[in-house]
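The structure appears below as structure tokens.
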Amino acid sequence: MSTASATALLDGIRAFLTPAQLRTDPDSRLLYGRDWTHQHTPAPLAVALPTTVAQVQRLVQYANDQRLALVPSGGRTGLSGAAVAAQGELVVSFERMNRILDFDPIDRSVTCEPGVITETLQHYAREQGLFYPIDFAARGSSHIGGNIATNAGGIKVIRYGLTRDWVSGLKVVTGKGELLDLNKGLIKNASGYDLRHLFIGSEGTLGLIVEATLRLTSPPGPSSVMVLGVPELDGVMAIFDAFRNRLTLTAFEFFSAKALRHVLNKGLQRPFETATPYYVLVEIEHTSAATVDTALAVFEQCSEQGWLADGVISQSETQAQELWALRENITESIAQYQPYKNDIAVRISRVPAFLRAIDALLAREYPDFEVIWFGHIGDGNLHISVLKPAALDQAGFLARCRQVNEQLFSTIRQYGGSISAEHGVGLIKQPYLHYSRDEAEIAYLRAIKAVFDPNGILNPGKIFA
Ligand code: MLT
Ligand code: ZN
């Protein structure tokens, strides 16, 4: 984008950032230039580490003057390449803007900078006797700013919704450098368009989040975790329906026997001896003294129907965590195979038919690849990770996966689903956006981008080309 030399650009930035706030060494550029995807070679100009809103505004102003692309960066745990800087961009890392600024017990809200780690916020809420419910496996390194920029979902969506549902205020620096103070922590605010929601999930393409106010809630009571062995794909949603009709579920997760094999290889224990092709994990909140008895009755009912073949219920917090590890450790256990990830969703009513359709499609299209299924099936979200065979080079592997994508995404369109349920579009799913959004809608998205970022300096190439 910029025509100025790298040296000149960096000299200009040094006028308003201290030497410690601008990293140009190769290790930093490599580290901050990528997220958890490894499909692009990082090549940022440098990494800026602002500590104040004024510095962020100054960076955006400078980027506009120089037509320098900025890539906002949080914990870099993203899975769609939205935080990748591979074209000489300046990475703007928020890791030094990591303070909790305010807690209000009456509002039950916390205001923080974007670089606060998700788990730090969860702990902070607990210390105040409250609860921040958005949760997922990357909680220990992902940042609140990144969670908001991707509208993070995770494992408790069926009970608590998405990040969007917990953001009551947002301060953003737009692509024009203006500071907007959106919704100001209000619960009710019917005074026109709610711009806050445009920035949530915008993947850093409209503005840079510099402060957020998040709602907190009462901590949940105790819960039990069950892992159930499911012989047929059709049983998965039948079990979901049976459990949620009689119990308060906080999670309903799914994984295949192939996924289980990988976590067992990393040293975890089988939940029970019976082997089944599919498993579900159900987390049940104890809403009465009868909760466990009801859960066991539903288990019996599902067993009589032939929907499940075996199961286990946690007897302690430690055992609950061990059962959760079977699901949460899947990503890490397959990372060495450089998986190609699809993160897709359909309405829950369509999940059974959709699963049947893509089961057939994937068996036909990937006969020689190992395909790992897991996901948050209670909210209609399935993760499909295709493992790269050792003998195939990365380019050949990606080409095959992209070919199959066209068919997979056509099926998703047929079912009215989404090409990205929670990982975002980023660079990796950008060519497929039209499978989920029609042309007229994409034109409006582009028009919105032009309003907030007329020079296209914010995260170019992400969401749209
Ligand atoms: C998960 O549900 O574990 C995450 O979305 C990560 C992944 O899909 O690999
Ligand atoms: Zn997920």
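For ligands, and for the atoms within them, numbers begin at 1 and follow the listed sequence. Please read these numbers as outputs of a predicted model, since none were measured by experiment.
- Checked against ring pair (Phe, Tyr, Trp, His ring centres under 6.0 Å), F199 has the following partners two or more places apart in sequence or in another chain: F452.
- Listed by chain and residue number, Y432, Y435 satisfy the ring pair (Phe, Tyr, Trp, His ring centres under 6.0 Å) test with F409 (two or more places apart in sequence, or in another chain).
- Open room surrounds CD on E332; 12 or fewer heavy atoms of other groups in view lie less than 6.0 Å from it.
- In this structure, CD on Q338 lies 5.0 Å from NZ on K388, to the nearest 0.5 angstrom.
- Within the structure, ligand 1 lacks E328 among the residues with a heavy atom less than 4.0 angstrom away.
- Using a 4.0 Å cut-off between heavy atoms, F374 contacts ligand 1 through its side chain alone, with no backbone atom that close.
- Checked against salt bridge (Lys or Arg N to Asp or Glu O under 4.0 Å), R402 has no partners two or more places apart in sequence or in another chain.
- When non-hydrogen atoms are compared, ligand 1 lies under 4.0 Å from neither the backbone nor the side chain of E253.
- A donor and an acceptor atom, one from each side chain of E283 and T250, are located under 3.5 Å apart.
- For the Zn ion (ligand 2), the count of nearby protein N/O/S atoms, taking only those under 2.8 Å, is 3.
- The protein atom (non-hydrogen) at minimum distance from atom 7 (C) of ligand 1 is T331 OG1, 3.2 Å.
- If you look at F243 and F299, their ring centroids are not closer than 6.0 Å.
- Tested against L458 for a side chain to side chain contact (heavy atoms under 4.5 Å, CB included), the candidates T174, V71, D453, V173 yield a single pass: D453.
- Proximity of I155 to ligand 1, defined as any heavy-atom pair under 4.0 Å, is not found for any part of the residue.
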